[in-house]
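Taking it in order: structure first as structure tokens, then the write-up.
Below, chain A is the first sequence line, B the second, and so on; all start at residue 1. Here the structure is a predicted model, which is why all the values come from computation and not from measurement.
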Amino acid sequence: MKNEDVAKLLSQFADLLDIKGESGFRVNAYRRGADTVKRLDEPVQQLVDEGRLIDVKGIGKGLASNIEDILEQGQFPDLEELQDEIPGTLLTIVAIPGIGAKTVGRFYRELGITNVEELEHAVEEDRLTALKGIGNKQVQRITEGIEFLRQRTGRISIGTALPAARDISRAIGESLGTRAEPVGSVRRYAETVGNIDLLVESTDSDSITTVLKDRFKASEIEIEPADRVRAQIPMVGSLVIFLSDAEHWGSDSIRYTGSSEHVDALGLPESVSATSETAAYETLDLPWIAPELREHRGEIQAAREHRLPELVELRQIRGDLHMHSTWSDGRASVRELAERAIELQYEYIAIADHSHGLAVANGLDAERLREQRKEIEEVRAGYPSLTIFCANEVEVRRDGTLDHADEVLAELDLVVASLHSGRNMPKEELTERVIGAIRNPHVDVIAHPTGRIVEQRPPAEYDWERVFEAAAETGTVLEINANPARLDLPEHLVAQAVEAGVSIAINSDAHNLRGLDVMEFGVGIARRAWLSSEHIVNTWPLDRVEQWLGR
DNA sequence: TTTAAAGCTAAACTTGGCACGTATGCCAA
């Protein structure tokens, strides 16, 4: 079981304890435990195997034994037990933005509400306002929250889907001694996918079934007559395997990579069999089109006219301008981050811990920033091949001013600005606020501009035209946050920003060493927005980056 | 529940925004 899955169970347990009204300290211990496990760099299973779990700060005897139970049984016995006492469906209400466990507990105890449908019913019958502390405004927020939940697709995050697609295709390929590759929306780097699609050169659905069962604990396996195998993969989602042969590989690969709009518009005749995608496109007098472009957004026309963009590639990324260390809420030290960056063959990185306004993340004030600079300088001395920028992720206050004085910002090599609180201001005020940050001459990058969490938290609303105009004018760079939970800016806004003359940075926002590895998801978004390396500042050589930073 | 101090128990946990309702609790970062 993956760390995130263990963390999820612990966090669900914390929520149920909280709903039940248990001691806040106990609840918090589980919340912290969940957070700790999520941010761990090594697989938690490894820590258990080596008896080191108890050494982790924030995990004591109780949590360690809980985690061992979870890993052994694939489920959390205490959580199951607790669900006998209070309905597990209450957790679906906690997922509504703006409603926490405390409120859910009151709805349950005082109104007997156990799920979202019953909550909606209570809203319709105006029963919520009878509760002390719940007025019309709250009810309105709840209604909006439910509406947002309803819009969720339940699709699989690319961050889960792509590694799983690679694991499964590798296992099938090795086991059957054949070709197996991800296709479908996973291959196109869509931010979420409905199914994980694979193409396998084989007719041996029985052997594939065996691999899925033995290696991935797949259930609900169905072999369909139309040469495909369907299955459910635990903790991942649904999988579809298309069976092909060498002769049809290229045409099948195009067909099953999609998108369906692209394939329909191509009009590839059923009779065409091609061994490679290039050969298949050739039968239509077209050059090969990168999967990320296959969304029927003008790519076929562009291909026909030989003006497809030269898309940015992962290997062109020379640095990462947004990551957190142990100085704030990261788990890796500056030195560890530097060493990993060198392994990734980066030429430069920026240590951008939180500023003191984000107290919960142990943000840095001016004094600690100066102390941190000393440490960064020490690390720099040991790794001359890597340039380490002394940066900070600075809070943008409600009035558009920044969380550090200008003279403190001036000391930094690079300033990343972001909004972590009060994002539901009216659109006009929010726009003014972010433009205030953009116009600050010290600010270089605006991080995760919309603040959305994919499928969990809606994006903030801005007058984007004005935001892009200001950023283009001042040369302030907007981020593609490459964390698959964020992917922020989203692709359609990336395209608009670049169209308006704004440059982009693709950053990991890593909070541990593994967190540095998400870069490819950000590159995927950039490619889907038709971007070339020229648009992306962290593909630039160091001297050009330094020139941009004005030093 | 964890951790730090001790040898059993006590302390841990910030900050601002917001709604409700005129002092407090919840939520989210």
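Partners of Phe468(A) according to the ring pair (Phe, Tyr, Trp, His ring centres under 6.0 Å) rule, which considers only residues two or more places apart in sequence or in another chain, are Trp464(A). Judged as a salt bridge (Lys or Arg N to Asp or Glu O under 4.0 Å), and not counting sequence neighbours, Glu469(A) has no contacts. Under the rule for a side-chain hydrogen bond (donor to acceptor under 3.5 Å, both in side chains), the partners of Glu110(A) that lie at least two apart in sequence or sit in another chain are Arg106(A). For Ser328(A), the side-chain hydrogen bond (donor to acceptor under 3.5 Å, both in side chains) partners two or more places apart in sequence, or in a different chain, are Asp353(A). Residues meeting the salt bridge (Lys or Arg N to Asp or Glu O under 4.0 Å) test with Glu411(A), sequence neighbours left out: Arg370(A). Under the side-chain contact (heavy atoms from CB on, under 4.5 Å) criterion, Ala29(A) pairs with no residue, sequence neighbours left out.
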message: Using salt bridge (charged side-chain N to carboxylate O under 4.0 Å, His left out), reason through Asp35(A) and Arg331(A) one step at a time and then give a plain yes or no.
response: CA-CA 11 Å; Asp35(A) 201 51; Arg331(A) 284 205 52 104; over 6 Å; no

message: So if I define the base as every atom that isn't primed, P, OP1 or OP2, how would nucleotides 18-27 of chain B read as a B/S/- string at a heavy-atom cutoff under 4.0 Å?
response: SSSS----SS

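In this structure, the CG atom of Leu53(A) is 10 Å from the P atom of dT2(B), given to the nearest Å. Atom CG of Leu358(A) and atom P of dG16(B) are 12 Å apart (whole Å). Atoms CD1 (Ile54(A)) and P (dT2(B)) sit 7 Å apart, rounded to a whole Å. The distance from atom CG of Asp78(A) to atom C1' of dT1(B) is 13 Å, rounded to the nearest whole Å. Atom CG of Asn66(A) is separated from atom C1' of dT1(B) by 10 Å (rounded to the nearest Å). Atom NE2 in His354(A) sits roughly 14 Å away from atom C1' in dT14(B) (whole-Å rounding).
The backbone N or O of Asp329(A) sits less than 3.5 Å from a side-chain atom of Arg39(A), completing a donor-acceptor pair.
Residues from residues 20-38 of chain A with heavy atoms under 4.0 angstrom of DNA chain B, sorted by number: Gly24(A), Phe25(A), Arg26(A), Asn28(A), Ala29(A), Tyr30(A). For DNA chain B, no neighbouring residue in residues 427-436 of chain A is found when judged by any heavy atom under 4.0 Å.
Every pair passing side-chain hydrogen bond (donor to acceptor under 3.5 Å, both in side chains) that includes a residue from residues 85-97 of chain A is listed here, sequence neighbours excluded: Lys20(A)-Glu85(A). A salt bridge (charged side-chain N to carboxylate O under 4.0 Å, His left out) check over residues 387-402 of chain A, counting only residues at least two apart or in different chains, returns the pairs Arg397(A)-Asp403(A).
To the nearest whole angstrom, the two P atoms, one in dA11(B) and one in dG16(B), are 25 Å apart.
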Atom pairs and distances, donor-acceptor, side-chain atoms in residues 49-77 of chain A, under 3.5 Å, two or more places apart:
residue, atom, partner, partner atom, Å
Asp49(A), OD1, Gln45(A), NE2, 3.1
Glu50(A), OE1, Arg52(A), NE, 2.8
Glu50(A), OE1, Arg52(A), NH2, 2.6
Arg52(A), NH1, Glu42(A), OE2, 3.4
Arg52(A), NH2, Glu42(A), OE1, 2.9
Asn66(A), OD1, Tyr30(A), OH, 2.7
Asn66(A), ND2, Asp78(A), OD2, 3.4

